[in-house]
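Just below is one structure, and these are the notes that go with it.
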Amino acid sequence: MSSAIVVQQSGGPEVLTLASADRPEPGPGQLLVKVAAAGVNFIETYQRSGVYPVEHPFTPGAEAAGTVEAVGEGVTDYSAGDRVAFAEGKGTYAEYALVDADRALPVPDGVDLETAAALPLQGMTAHYLINSTFEVQPEHTVLVHAGAGGVGLLIIQLLKAKGARVFTTVSTPEKEDLARGAGADEVLGYEGFADAVMSLTDGVGVDVVYDGVGKATFDESLRSLRIRGTMVLFGGASGPVPPVDPQLLNSSGGLYLTRPSIVHYVRTPEERRWRSSELFDAVLAGQLDVRIGARYALGDAAQAHEDLEGRKTTGKVLLVP
């Protein structure tokens with residue numbers, strides 16, 4: 001037996017309850033991982049609340065890092081005792097979780113397991129956004145929303161390493177300090193940010209907007225873009241964006257609009273290893289600071305969700321069994 005968060009029905013954070021559960025058994029091609037820390041992500045709040053339908057009962061979570069406890073039939077690349085991280089596991093709000101071996105990421109020596117747990121989803125998201133969805137070059141000017149969030153702090157650092165000019169938005173003075181510490185060139189409030197962007201760029205606009213906020217920022221994000229700029233909508237923390245008339249993209253300057261998700265950018269083990277290895281290498285070289293904004297005991301998952309939804313957190317939120 002082990003402990004896990006079990007959700008019996010959709011609802012608020014209070015439906016996240018700690019319960020005893022059978023320890024999972026790895027199937028063919030799977031790893032059983034003893035979880036050192038699990039990442040808490042917005043998608044789990046959507047699953048918990050019913051915005052994204054799921055079958056009940058279920059244990060949330062797909063991201064974690066820990067030590068391999070056992071391997072399933074056919075696994076040859078890993079053995080008990082290996083350290084791994086992953087963003088595509090099952091039921092990680094628990095003491096033990098399963099992941100397909102080809103979706104696991106080896107954690108190099110020198111990277112602690114909490115840092116490793118904080119990096120896969122948000123780190124690989126930041127990596128694909130700036131290297132694949134829109135390949136940022138040194139001459140580009142970029143707007144990143146929620147610069148003090150988990151993705152925001154990572155993407156700012158990675159963009160500055162590329163030599164780009166980076167604008168970001170935040171909601172509090174504390175978050176402004178964090179965004180500036182990550183290297184942002186300009187830190188803006190949400191109110192009137194499009195006007196500020198246009199003023200800072202002499203009326204030209206930015207080359208690309210990375211928007212994980214969604215409904216509350218979408219229209220102004222489009223207005224912040226230069227002619228033929230690219231709008232990358234990768235999340236909806238403030239709610240889903242209403243349907244968009246394609247003619248708006250034309251009248252706003254022949255804009256590009258895309259709605260990516262990580263599943264389309266980690267399609268092979270090789271692609272996962274490319275993204276994760278560059279991120280881990282940056283951590284080891286001291287070029288990427290992974291901020292863990294809050295740690296909660298596994299039984300405090302409800303509080304973690306409440307704080308995340310209330311925008312009270314910065315950086316990465318972890319559950320520690």
ask   = Do the side chains of Leu153 and Tyr210 join up, straight or via other hydrophobic residues, at under 4.5 Å, putting them in one cluster?
value = no

ask   = Which heavy atom of Leu18 sits nearest a heavy atom of Ser3, and at what distance?
value = CD1-CB, 4.0 Å

query = Do Thr258 and Met231 come close enough that some side-chain heavy atom pair is under 4.5 Å?
reply = no

task = May I ask you to decide if Gly183's main-chain N or O and Gln157's side chain share a donor-acceptor pair within less than 3.5 Å?
result = no

query = Hey, are the side chains of Arg165 and Val142 touching, using non-hydrogen atoms and a 4.5 Å cut-off?
reply = no

task = Go through the steps to decide whether Val99 and Lys90 satisfy the test side-chain contact (heavy atoms from CB on, under 4.5 Å), and finish with yes or no.
result = CA-CA 6 Å; Val99 64; Lys90 298 177 182 177; over 6 Å; no

inquiry  = Quick check: do Leu279 and Val283 have side-chain heavy atoms less than 4.5 Å from each other?
reply    = no

query = Does a side-chain N-to-carboxylate-O contact under 4.0 Å join Glu114 and Arg295?
reply = yes

ask   = Backbone N or O of Ala164 within a donor-acceptor pair of the Lys160 side chain at under 3.5 Å?
value = yes

inquiry  = Checking the side chain of Glu44 only, and the main-chain atoms of Asn41 only, is there a donor and an acceptor separated by less than 3.5 Å?
reply    = yes

query = Looking at residues at least two apart in the chain, or sitting in another chain, which of them share a side-chain hydrogen bond (donor to acceptor under 3.5 Å, both in side chains) with Thr125?
reply = none

request  = Apply side-chain contact (heavy atoms from CB on, under 4.5 Å) to Val33 and Leu98, showing your working.
outcome  = CA-CA 6 Å; Val33 177; Leu98 297 173; over 6 Å; no

inquiry  = I want to know whether His140 and Phe134 have ring centres closer than 6.0 Å.
reply    = yes

ask   = Gln303 and Asp307: side-chain donor and acceptor closer than 3.5 Å?
value = yes

query = Are Val206 and Leu129 connected in the hydrophobic side-chain network, where two residues link if heavy atoms are under 4.5 Å apart?
reply = no

query = Is the number of heavy atoms from other residues, nucleotides or ligands within 6.0 Å of CD (Glu191) greater than 12?
reply = no

Residue pair Pro53 / Val51: nearest heavy atoms and the distance that separates them = CD-O, 3.6 Å

query = Under 3.5 Å, is there a donor-acceptor pair between the side chain of Thr59 and the main chain of Ile5?
reply = yes

query = From Met198 CE over to Arg223 CZ, what is the distance, rounded to the nearest 0.5 angstrom?
reply = 7.5 Å

query = Linking I/L/V/M/F/W/Y whenever any side-chain heavy atoms sit under 4.5 Å apart, do Tyr128 and Val232 land together?
reply = yes

message = Working to the nearest 0.5 angstrom, can you tell me the gap between Gln8 CD and His56 NE2?
response = 8.5 Å

Side chains of Leu105 and Met124 in contact at under 4.5 Å (non-hydrogen atoms) = yes

Rounded distance [0.5 Å steps], NZ in Lys312 versus CD in Glu306 = 5.5 Å

message = Please tell me whether Leu188 and Val209 are part of a single hydrophobic cluster in this structure, the criterion being side-chain heavy atoms less than 4.5 Å apart.
response = yes

query = What distance do Tyr96 atom OH and Arg23 atom CZ have between them, rounded to the nearest 0.5 Å?
reply = 5.5 Å

query = Any idea which heavy atoms bring Gln122 and Gly150 closest together, and the distance?
reply = OE1-CA, 3.2 Å

task = Indicate the ring-plane relationship of Phe42 and Tyr46, choosing parallel, tilted or perpendicular according to the 30° and 60° boundaries.
result = tilted

key: Between Trp274 and Glu278, a side-chain donor and acceptor under 3.5 Å   = yes

ask   = Hey, which of Arg273, Arg267, Arg275 is the one that makes salt bridge (Lys or Arg N to Asp or Glu O under 4.0 Å) with Glu271?
value = Arg275

inquiry  = Using side-chain heavy atoms (C-beta onward) and a distance below 4.5 Å, is Thr169 in contact with Thr217?
reply    = no

query = Would you say Glu73 has more than 12 foreign heavy atoms packed within less than 6.0 Å of its CD?
reply = no

remark   = All heavy atoms of Ala117 vs all of Ala37, minimum pair found to be CB-O, 3.4 Å

message = Tell me every residue that passes side chain to side chain contact (heavy atoms under 4.5 Å, CB included) with Leu255, counting only those two or more places apart in sequence or in another chain.
response = Leu222, Leu225, Leu249, Ser252

request  = Specify the closest pair of heavy atoms between His305 and Thr45, including all atoms of both residues, with the distance to one decimal.
outcome  = ND1-CG2, 3.7 Å

inquiry  = Using modelled atom types and a 3.5 Å cut-off, is there a donor and acceptor pairing between side-chain atoms of Asp207 and backbone atoms of Thr141?
reply    = yes

query = If you measure from OG1 on Thr67 to CG on Asp82, what distance do you get to the nearest 0.5 Å?
reply = 9.0 Å

task = Walk me through it: do Gln30 and Val75 pass the test side-chain contact (heavy atoms from CB on, under 4.5 Å)?
result = CA-CA 7 Å; Gln30 289 187 318; Val75 174; 5.9 Å; no

request  = Using modelled atom types only, decide if a donor and an acceptor are shared between the side chain of Ser238 and the backbone of Lys215 within a distance under 3.5 Å.
outcome  = yes

message = Less than 4.5 Å apart, side chain to side chain, heavy atoms only: is that true for Asp22 and Met1?
response = yes

key: Minimum-distance pair of heavy atoms, taken over all atoms of Leu318 and Gly39   = CD2-CA, 4.0 Å

ask   = Distance-only, no hydrogens or angles: does the Lys162 side chain make a donor-acceptor pair with backbone N or O of Val136 under 3.5 Å?
value = yes

task = Would you indicate whether the side-chain heavy atoms of Leu32 and Glu25 approach each other to under 4.5 Å?
result = no

request  = Indicate yes or no for a side-chain donor-acceptor contact from Asp100 to the backbone of Arg103 under 3.5 Å, with no hydrogens or angles considered.
outcome  = no

inquiry  = For His127, is there any backbone N or O sitting under 3.5 Å from a side-chain donor or acceptor partner on Asn131?
reply    = yes

task = Could you walk me through whether Val208 and Leu143 pass side-chain contact (heavy atoms from CB on, under 4.5 Å), step by step?
result = CA-CA 6 Å; Val208 58; Leu143 172 61; over 6 Å; no

inquiry  = Using a 3.5 Å distance criterion without hydrogens, assess whether the side chain of Tyr78 forms a donor-acceptor pair with backbone atoms of Ala104.
reply    = yes

inquiry  = Are the side chains of Tyr93 and Val35 in contact, using a 4.5 Å heavy-atom criterion?
reply    = no

ask   = With the 4.5 Å side-chain cut-off for hydrophobic clustering, are Val197 and Leu233 part of the same group?
value = yes

ask   = Can you list every pair that meets ring-ring contact (aromatic ring centres under 6.0 Å, His included) and has a residue in residues 181-206, with sequence neighbours left out?
value = His145-Phe193

task = Enter the distance from Arg48:CZ to Ser10:OG here, rounded to the nearest 0.5 Å.
result = 9.5 Å

